[in-house]
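Just below is one structure, and these are the notes that go with it.
Not measured: the values here are computed from a predicted model. Each chain gets a letter, A, B and so on, in the order the sequences are listed, and its residues count up from 1.
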Amino acid sequence: MSPSRRKPTISRRSLVQSAAALPVAAVLLQDAARASAPSRQSSVYHAPAVISQSKQEVTHWVYSSLPLDRDTLERVPPDQSENTIEYFEWSVEQFKEIEPDIEVKLEFAPHDQTWFAKIDSSLAAGIPPDVVQGPVSEAAKYIPLGALSPIDDYMTDEERADLVEAVTEESSFEGQNFLWPWRLSFGGGIQINATLWKEHGAEELLPTGDTRRWLMDDCLEAFKRTTVDTDGDGTTDLYGTVLMTDIHYHVTQFLFGFGARLFNEDETEVILNSPEGVEGLQWLLDLENEHQVAVPGSAVRKAAEADRLFLERKAATYPSQGSGTRPASLDGVDDFEWYWVPPPNVEGKEPVVMTNVHGHYVFQQQDADRTAAAHRWTQFLLRPEAISLGLNQFGLPPARQSLWGQVTDENQQVGLRFTDIMVGFGRRASAAPITFTLVPRMLEAAFSGQKSPQQALDDLASEANELIADAIAAEGG
Amino acid sequence: MPSSWRHHRSGIGPTRKVEYAVAVHSSISPKDSEFEHRRSLISQRLRGYFWGYFFIFPSLAMFLLFSLYPMADSIRLSFQRFALTGREWVGFENYQDLLQDDEFYIVLKNTLVYALAIVPVGVLLSLILAILIFQLPTPAQIFFKSAYYLPVVTSGVVLSLIWLYLYDPAFGLLNYLLGTIGIDPVLWLADPRFSLLSIVIMIHASQWGGSIILLTASMGGIPKDLYEAASLDGASFFRQTVSITLPLLKPAIAFVAITGSIASLQIFTEIFLLTSGGPNLATTNLVYSIYEQGFIRFDFGRASAIAVLLLLLTIGIALAQYRLLRSNVEY
């Protein structure tokens with residue numbers, strides 16, 4: 001080869017190296033473009049541009065599902081596929097008859113962590129859905145961003161009057177309402193296996209009356225009577241109750257019965273570390289450690305496991321959430337008398353139940369007609385006859401008072417009375433991490449003995465108040 | 001221009017000297033001729049390798065799009081604050097917040113404890129088992145290798161749920177067995193003294209099958225005459241193992257150690273399902289912390305910063321192991 005001849009400039013190695021550099025270059029170019037673009041002036045969300053059309057398409061993300069018989073509109077088993085229609089799809093068909101120019105597209109997705117990631121990423125991409133099913137605690141995240149459309153201009157006076165004041169307050173932010181209320185979700189209540197209570201001499205302690213209120217001492221006594229070695233092998237195989245830490249309001253409802261509260265009135269501070277809170281938490285820990293009436297291992301137990309232990313009759317009660325609807329898994333099980341009661345309280349104190357108003361919220365779109373179409377659909381979805389249809393099926397009481405008279409089940413009637421003792425989940429951006437991370441971690445620390453009740457609650461308050469301060473600062477910015 | 005010259009200039013056949021001679025005797029300058037030659041060589045090479053690039057292009061594109069680009073973006077995100085309204089450049093603030101957070105050091109400590117508790121014991125365990133299995137007749141070898149490998153191909157979720165039952169303090173099998181010999185029930189997952197250890201035990205019981213198979217395969221590659229010579233010299237089984245098997249297995253052991261370390265730094269499924277990182281951070285490692293920061297607290301900037309630190313830690317440990325354990329082995 002002549003010395004003057006040079007090798008070709010592009011080798012295989014350099015080709016692959018160049019290809020690998022492409023993504024990095026893409027990232028850097030994005031930054032450069034962003035740096036040269038005018039920066040956003042405010043933190044308010046800007047709705048995407050949508051071309052206005054005479055026919056509107058409304059996307060609705062839902063996570064609840066209820067299969068109905070097409071003819072009778074009665075609930076059918078999930079595995080039945082003949083002559084069935086899903087509850088929301090039924091409403092879509094009905095809506096199409098009165099609003100043929102509005103096409104509703106339902107999208108079903110599980111209500112787990114991916115649900116939130118999906119909404120957030122669609123919002124960040126500028127293409128949020130029109131309507132999303134969810135409780136007010138989840139909608140609260142998007143309200144400060146200006147991403148949601150208030151419902152006040154669309155809600156009729158009759159609808160407004162049909163709501164309990166506490167429900168309206170819970171769904172309102174600075175005088176505007178952002179949630180079409182559908183159902184109430186009570187984050188408290190105790191499920192009792194009354195059959196086991198009767199078998200083991202605790203029947204007299206079953207709460208009775210319209211409200212079924214009961215005292216903490218009676219609760220503990222009942223737990224003791226229903227903690228039994230049923231087969232005489234020396235080990236306890238039925239426990240009075242089962243506790244968990246991942247869904248904190250299942251167990252902090254006991255603390256509330258001592259007079260403790262999670263937030264102060266204006267949600268500027270966590271106050272669970274009050275003397276009442278410490279007393280309540282100690283009482284809770286004693287259930288497992290001292291009295292041994294709670295299934296051991298509460299520190300890392302999840303609600304799903306606790307539910308299973310209750311249904312398997314290894315625990316006679318299960319502090320949980322709901323409305324007083326007997327679980328569907330007990331359908332056809334005759335020897336399980338299911339009983340629903342509020343959380344107990346000490347003398348002179350009122351219990352409270354953290355309550356979430358469930359419904360559907362509408363994202364603001366640049367096309368006002370499209371937003372209006374979304375409101376029309378959601379309003380139609382929440383008509384009384386539709387809510388009546390699913391009254392006993394979805395397991396959550398309706399937010400509309402006019403429908404409460406249709407509730408005939410005793411347990412559900414007790415559940416409806418929870419509206420007298422409801423408090424919100426918190427509406428600031430800090431509420432979610434407090435609920436899903438900090439309080440569970442506090443319970444884990446206390447149940448595992450890593451911290452004393454006072455220390456655990458103080459650390460919770462300290463950390464949570466920092467988050468609240470950040471959230472308040474962000475709201476003001 | 002004669003057609004033969006055009007044929008030569010197409011790049012098929014003519015040598016450099018011939019082409020140069022053609023160029024000299026034509027109106028084309030030497031410089032143009034050199035450029036043409038270079039272009040024709042490149043064209044030749046590309047044609048030759050075209051199908052190779054064609055077939056690797058889909059995988060390469062997937063890798064660039066779904067692995068390398070997200071990785072680069074994640075590094076960038078670690079220097080930003082993420083909000084639904086957009087990203088804001090904050091420099092090293094996420095890293096500073098992490099390094100000033102006591103929780104981060106707890107999580108880092110847990111991560112290193114996982115690695116230290118899993119890798120050395122796991123490598124030793126799989127080595128001993130591989131040596132023992134290798135001595136068995138082939139049918140027995142097949143049985144035991146399959147038995148140890150089965151958990152590796154079983155879903156992590158399924159395994160975790162089974163161990164959740166085993167570890168149940170009130171109704172689980174382990175405490176039942178302990179009760180038969182008079183030992184009090186243990187809070188395997190709820191007691192911070194045992195929770196991390198319980199996860200480590202689960203990993204040891206279910207994840208080393210692949211290493212066992214790799215080591216037994218490597219042992220199969222060791223020449224038998226080395227063992228025969230050692231036997232003739234009176235070497236015991238133990239002596240042969242220490243002096244012949246282990247040194248010649250060093251590359252395989254290094255591979256098992258390095259890959260095991262990388263895997264142990266990234267445990268997630270077992271922690272998520274058994275303890276959710278609790279009680280109170282007792283079992284939280286860096287990967288679980290990334291999940292918590294990103295998908296529960298929606299602080300993707302901080303989560304990315306943790307991911308970058310984990311990447312640096314993993315690279316550092318892998319490099320150190322490689323330097324320590326590398327060897328040139330010749331049979």
Which bit of A:Thr437 comes within less than 4.5 Å of chain B, counting heavy atoms only: side chain, backbone, both or neither?
side chain

Flag side-chain contact, heavy atom, 4.5 Å: A:Val439 against A:Leu460
yes

Engaged part of B:Leu187 at the chain A interface, taking heavy atoms whose separation is under 4.5 Å:
side chain

Closest-packed option against chain B by number of heavy-atom pairs under 4.5 Å, given A:Ser298, A:Ala456, A:Ala445, A:Pro433
A:Ala445

Pairs satisfying salt bridge (Lys or Arg N to Asp or Glu O under 4.0 Å), at least one member in residues 292-302 of chain A, at least two apart
A:Arg301-A:Glu305

Taking every heavy-atom pair that is under 4.5 Å apart, which of B:Ser276, B:Pro70, B:Ala61 has the most such pairs with chain A?
B:Ser276

Proximity breakdown for A:Leu443 and chain B, heavy-atom pairs closer than 4.5 Å
neither

Fit a plane to each ring of A:Tyr239 and B:Phe171, take the angle between them on a 0 to 90° scale, and name the class: parallel (under 30°), tilted (30 to 60°) or perpendicular (over 60°).
perpendicular

Could you check which of B:Met71, B:Glu103, B:Arg193 has the highest count of heavy-atom pairs closer than 4.5 Å to chain A?
B:Glu103

Assign the ring pair B:Tyr53 / B:Tyr49 to parallel, tilted or perpendicular, where the plane angle (0 to 90°) is split at 30° and 60°.
perpendicular

Taking 4.0 angstrom as the limit, do A:Glu444 and A:Arg441 come out as a salt bridge?
no

Under 4.5 Å to a heavy atom of chain B? For A:Ile434 that would be neither

Is it the side chain or the backbone of A:Lys314 that comes within 4.5 Å of chain B heavy atoms, both, or neither?
both

Flag the one option from B:Thr275, B:Asp191, B:Leu164 with the top tally of heavy-atom pairs under 4.5 Å to chain A.
B:Thr275

Under 4.5 Å to a heavy atom of chain B? For A:Glu312 that would be neither

Between B:Leu274 and chain A, which part of the residue has a heavy atom less than 4.5 Å away: side chain, backbone, both or neither?
backbone

Take a 6.0 Å sphere around CZ of B:Phe50 and say whether it holds more than 12 heavy atoms from other residues, nucleotides or ligands.
yes

Which class fits the ring pair B:Phe79 and B:Trp89: parallel under 30°, tilted 30 to 60°, perpendicular over 60°?
parallel

Between B:Ser289 and B:Thr284, do the side chains contain an N or O donor and an N or O acceptor separated by less than 3.5 Å?
no

What do you reckon, is OH of B:Tyr176 surrounded by more than 12 foreign heavy atoms closer than 6.0 Å?
no

Winner by heavy-atom pair count (cut-off under 4.5 Å) against chain B, out of A:Gly449, A:Ala446, A:Gly297:
A:Gly297

Answer with side chain, backbone, both or neither: which region of B:Leu77 has an atom nearer than 4.5 Å to a non-hydrogen atom of chain A?
neither

Atom group of B:Glu88 that falls short of 4.5 Å from chain A, counting heavy atoms
neither

Does any part of the side chain of B:Asn175, heavy atoms only, come nearer than 4.5 Å to the side chain of B:Trp188, both counted from C-beta?
yes

Looking at B:Pro192, B:Ala170, B:Gly52, which makes the most heavy-atom pairs under 4.5 Å with chain A?
B:Pro192

